[in-house]
Structure formats: structure tokens, C-alpha cells
Asker: 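Take a look at this one; I'll ask things after.
Note that this is a predicted model, so its numbers are computed, not measured.
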Amino acid sequence: GDQGHLFVAFSGAGEMRTLLRFDVHTVIPKGAIVKEAKLMLTVDKTPSFKNNEISVHKITTKWYEGGSCCSTSGNGPAIVQGDASWTHARHDDIRWNNAGGDFVSNA
């Protein structure tokens with residue numbers, strides 16, 4: 001969805017990941033070679049852990065967006081039908097093969 005916050009964290013409560021989709025096929029011609037891409041994000045709140053590294057990975061399983069709306073509390077939104085979650089590519093009928101999502105490990 002069109003939310004103002006992304007949550008990425010690791011805490012005693014567990015790991016939080018964010019999914020981003022880029023609809024590049026409408027702006028990059030078929031057969032074009034992309035040599036470089038940059039993603040710039042602004043950190044709003046700094047986590048308490050020392051390693052603030054965030055990595056980007058290609059998702060290998062189709063995932064879906066439901067109608068949940070993000071909260072600014074840091075807990076993320078409540079999961080609703082159709083959302084991707086830690087266990088589901090689409091809640092609650094399509095599961096990831098791996099908890100946390102299916103992705104290429106070397107970004």
C-alpha cells in the first residue's frame with residue numbers, strides 16, 4: 001500500500017521485514033540492461049542495537065498486499081486478509097516456503 005513508514009527491526013520480540021515492489025516493466029524498455037540502481041531511505045528512529053545494516057533481497061515467491069494500514073508505533077499493522085506476513089505470502093491461504101519470506105540471500 002501507500003504507507004509513510006516501513007518497519008525493519010530485530011528485537012526481543014523478533015525480526016520485522018518490509019516488502020517493497022517496484023513496477024519497473026512500465027518504465028524500463030524490454031531488453032534494456034540495468035547496470036545500477038539506488039534505493040535511498042531515511043532512518044526515522046534508530047534501533048538500540050549496534051549493527052544498523054539493512055540489506056535488500058530479491059523476493060522469489062509472488063506476494064500480495066491486503067488492506068492493512070500501518071501504525072507509527074513500531075509494531076507494524078495488524079494482519080488482514082490478503083496481506084503478506086512472516087508466515088504467509090498472502091494471509092491466510094498462501095504460505096511462504098520459508099518463514100520470513102522466500103528471497104535470494106546474496107542481494
Asker: Checking the side chain of H88 only, and the main-chain atoms of R95 only, is there a donor and an acceptor separated by less than 3.5 Å?
Answerer: no

Asker: Return the minimal non-hydrogen interatomic distance between T61 and A89, and the atom names on each side.
Answerer: CG2-CB, 4.4 Å

Asker: Could you list all the salt bridge (Lys or Arg N to Asp or Glu O under 4.0 Å) pairs where at least one residue sits in residues 23-35, not counting sequence neighbours?
Answerer: none

Asker: Kindly work out whether a path of hydrophobic side-chain contacts (I/L/V/M/F/W/Y, heavy atoms less than 4.5 Å apart) joins L19 to Y64.
Answerer: no

Asker: Are V27 and V34 connected in the hydrophobic side-chain network, where two residues link if heavy atoms are under 4.5 Å apart?
Answerer: yes

Asker: Hey, are D102 and T60 close enough side-chain-wise for a donor-acceptor pair under 3.5 Å?
Answerer: no

Asker: Before giving the answer on side chain to side chain contact (heavy atoms under 4.5 Å, CB included), spell out for L39 and F22 the whole-Å C-alpha distance, their side-chain angles and the decisive distance to 0.1 Å.
Answerer: CA-CA 11 Å; L39 172 65; F22 300 96; 4.0 Å; yes

Asker: Rounded to the nearest 0.5 Å, what separates atom CG in L20 from atom CD1 in I59?
Answerer: 9.5 Å

Asker: Ignoring hydrogens and geometry, is there a side-chain-to-backbone donor-acceptor pair from Q81 to H91 under 3.5 Å?
Answerer: yes

Asker: Tell me, do W96 and W86 make a side-chain contact under 4.5 Å, heavy atoms counted?
Answerer: no

Asker: Could you give the distance from CD1 (I94) to OG1 (T87), rounded to the nearest 0.5 Å?
Answerer: 12.5 Å

Asker: For the backbone of A84 and the side chain of R90, can you confirm whether one donor and one acceptor N or O come within less than 3.5 Å of each other?
Answerer: no

Asker: Kindly indicate, with the supporting measurements, whether the criterion side chain to side chain contact (heavy atoms under 4.5 Å, CB included) is fulfilled by K58 and V104.
Answerer: CA-CA 5 Å; K58 179 181 179 180; V104 178; 4.2 Å; yes

Asker: Which atom names give the shortest non-hydrogen contact between D83 and G67, and what distance separates them?
Answerer: OD1-N, 3.7 Å

